[in-house]
Amino acid sequence: MSIKHFSPPSLATMDRLLALPRRYFAPRLFGAEHVSLQRPALFVGNHGLYGLIDSPLFLLELYRATGVFPRALGDRLHFRVPGWGALVKYWGAVEGNPDNCTALMQSGQPVLVFPGGSREVAMRKDEVHKLVWKNRTGFARLAIEHGYDIIPFASAGCDQAYRVLIDGSDFQQSRLGRTLLKSSRVDKLLRGGDMFMPLSRGVGPTLVPRPEPLWFQLGAPISTAPWAGKQGDADARWAVREIVAESIESMLLSLNQERSEARQQGWRRWLLKP
């Protein structure tokens, strides 16, 4: 089946599948007024630790509030795992490459991308709610080329659901890491150690994630019209990238300040003690 043809799960189905995490993480979405059903956009945001908690809940709350269900661009590794690949496709995800993104935009579909990708998912200890985009500007190029507005969004809370004990930097510097990365196969698989998933703990010494309230903020659409026809201009791409990044960073700062009270309400205050 062509990636252009997709029917999202019904809201009732999504509510049923995500009922437990929704009660546990109490997601809230702000800024839904910035989304239009009439004009498809490219949703660009930060990825949370492990990427398994925030993404489905963001899609659910966005769909509930706006009726928009964007097609996510995912790392190619997702689609290589038996069973898991079929699951992410069920949620509308496609392999994140320029050809697939172009096909979606040419058919006028809303698209979701995390420029930080797997590197942002493999969060380091000092990267809580930080963008790790390196020099990536591909999303800006495609938005400019296809005349898409960019809707920036911030996701706060997921990075605090676990406490990272050993991260990619620790692995790269360890004797074991240095030995394993000498293998070209391991080095390629872990992308030089960037793809090393952190070893963490959640509630107490367990792997149960901490019940951090997950808050999402949608920013005002950023028009790419001022750079129309300049998708090949590195300066234009970088300018769009920086505007989007600054918007997300500002929203993250605001969300974290506002979440402080919510984190200490009810039963959460017992499980979220330092």
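Because the structure is a prediction, the values reported are computed rather than measured.
Applying the side chain to side chain donor-acceptor pair (under 3.5 Å) test to pairs two or more places apart or on separate chains, none has a residue in residues 214-227. The ring pair (Phe, Tyr, Trp, His ring centres under 6.0 Å) pairs that include a residue from residues 164-203 are Phe171-Phe196, where partners are two or more places apart or lie in different chains. Listed by first and then second residue, the ring pair (Phe, Tyr, Trp, His ring centres under 6.0 Å) pairs involving residues 86-108 amount to none (not counting sequence neighbours). Contacts classified as side chain to side chain donor-acceptor pair (under 3.5 Å) and involving residues 175-190 (residues at least two apart or in different chains) are not found. Pairs engaging residues 107-117 under the side chain to side chain donor-acceptor pair (under 3.5 Å) rule: Arg71-Gln109, Ser107-Gln109 [sequence neighbours left out]. For the ring pair (Phe, Tyr, Trp, His ring centres under 6.0 Å) condition, the pairs that include at least one residue of residues 97-129, sequence neighbours left out, are His47-Phe114, Phe114-Phe153.
Of the inter-residue distances, the one linking Ile53 atom CD1 with Asp159 atom CG reads 10.0 Å to the nearest 0.5 angstrom. For the atom pair Arg237 CZ and Glu145 CD, the distance stands at 11.0 Å (nearest 0.5 Å). With rounding to the nearest 0.5 Å, the separation of CD1 in Ile222 from CD in Glu246 is 9.5 Å. Here CD1 of Ile144 is found 11.0 Å from CG of Leu42. Values are rounded to the nearest 0.5 Å. Note that NZ of Lys125 is 13.5 Å distant from CZ of Arg163, once rounded to the nearest 0.5 Å. Distance CG/Leu165 to OG/Ser200: 6.0 Å, rounded to 0.5 Å.
You'll find the side chain of Leu73 reaches within 4.5 Å of the side chain of Leu104, heavy atoms only. Residues Leu52 and Val121 are not in side-chain contact: their nearest non-hydrogen atoms beyond the backbone lie 4.5 Å or more apart. The shortest side-chain heavy-atom distance between Met14 and Leu17 does not fall under the 4.5 Å cut-off.
Ser118 and Asp75 form a side-chain donor-acceptor contact under 3.5 Å, judged by distance and modelled atom types alone. When only modelled atom types and interatomic distance are considered, Ser247 and Ser250 share no side-chain donor-acceptor pair under 3.5 Å.
Applying the side-chain hydrogen bond (donor to acceptor under 3.5 Å, both in side chains) test to Ser169 and every residue at least two apart in sequence or in another chain returns Arg124. Looking at residues two or more places apart in sequence or on another chain, you find a side-chain contact (heavy atoms from CB on, under 4.5 Å) between Pro8 and Phe6, Tyr63, Phe69. Evaluation of the side-chain contact (heavy atoms from CB on, under 4.5 Å) rule for Arg39 yields Ser36, Asp149 as partners, not counting sequence neighbours. For Ser7, the side-chain contact (heavy atoms from CB on, under 4.5 Å) criterion is met by no residue, not counting sequence neighbours. For the side-chain contact (heavy atoms from CB on, under 4.5 Å) test, residues two or more places apart in sequence or in another chain that qualify with Ala65 are Leu29, Ala32.
Around the CD1 atom of Ile166, the shell of radius 6.0 Å holds no more than 12 heavy atoms that belong to other residues, nucleotides or ligands.
In plain terms, the two heavy atoms of Asn100 and Asn97 that are nearest each other are N-OD1, 2.8 Å.
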- Step-by-step salt bridge (charged side-chain N to carboxylate O under 4.0 Å, His left out) determination, Glu61 to Arg22: CA-CA 10 Å; Glu61 297 310 312; Arg22 190 164 186 265; 2.7 Å; yes

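Cluster membership for Ile243 and Val44, using ILVMFWY side-chain heavy atoms within less than 4.5 angstrom, is shared. In the hydrophobic clustering of this structure, Leu255 does not group with Leu131; members are Ile, Leu, Val, Met, Phe, Trp, Tyr whose side-chain heavy atoms approach within less than 4.5 Å, directly or through other members.
Grouping Ile, Leu, Val, Met, Phe, Trp and Tyr residues whose side-chain heavy atoms lie under 4.5 Å apart, directly or via other members, leaves Leu253 alone, with no other cluster members.
When each of Phe216, Phe30, Phe25 is paired with Phe58, the ring-ring contact (aromatic ring centres under 6.0 Å, His included) condition holds for Phe216 and for no other.
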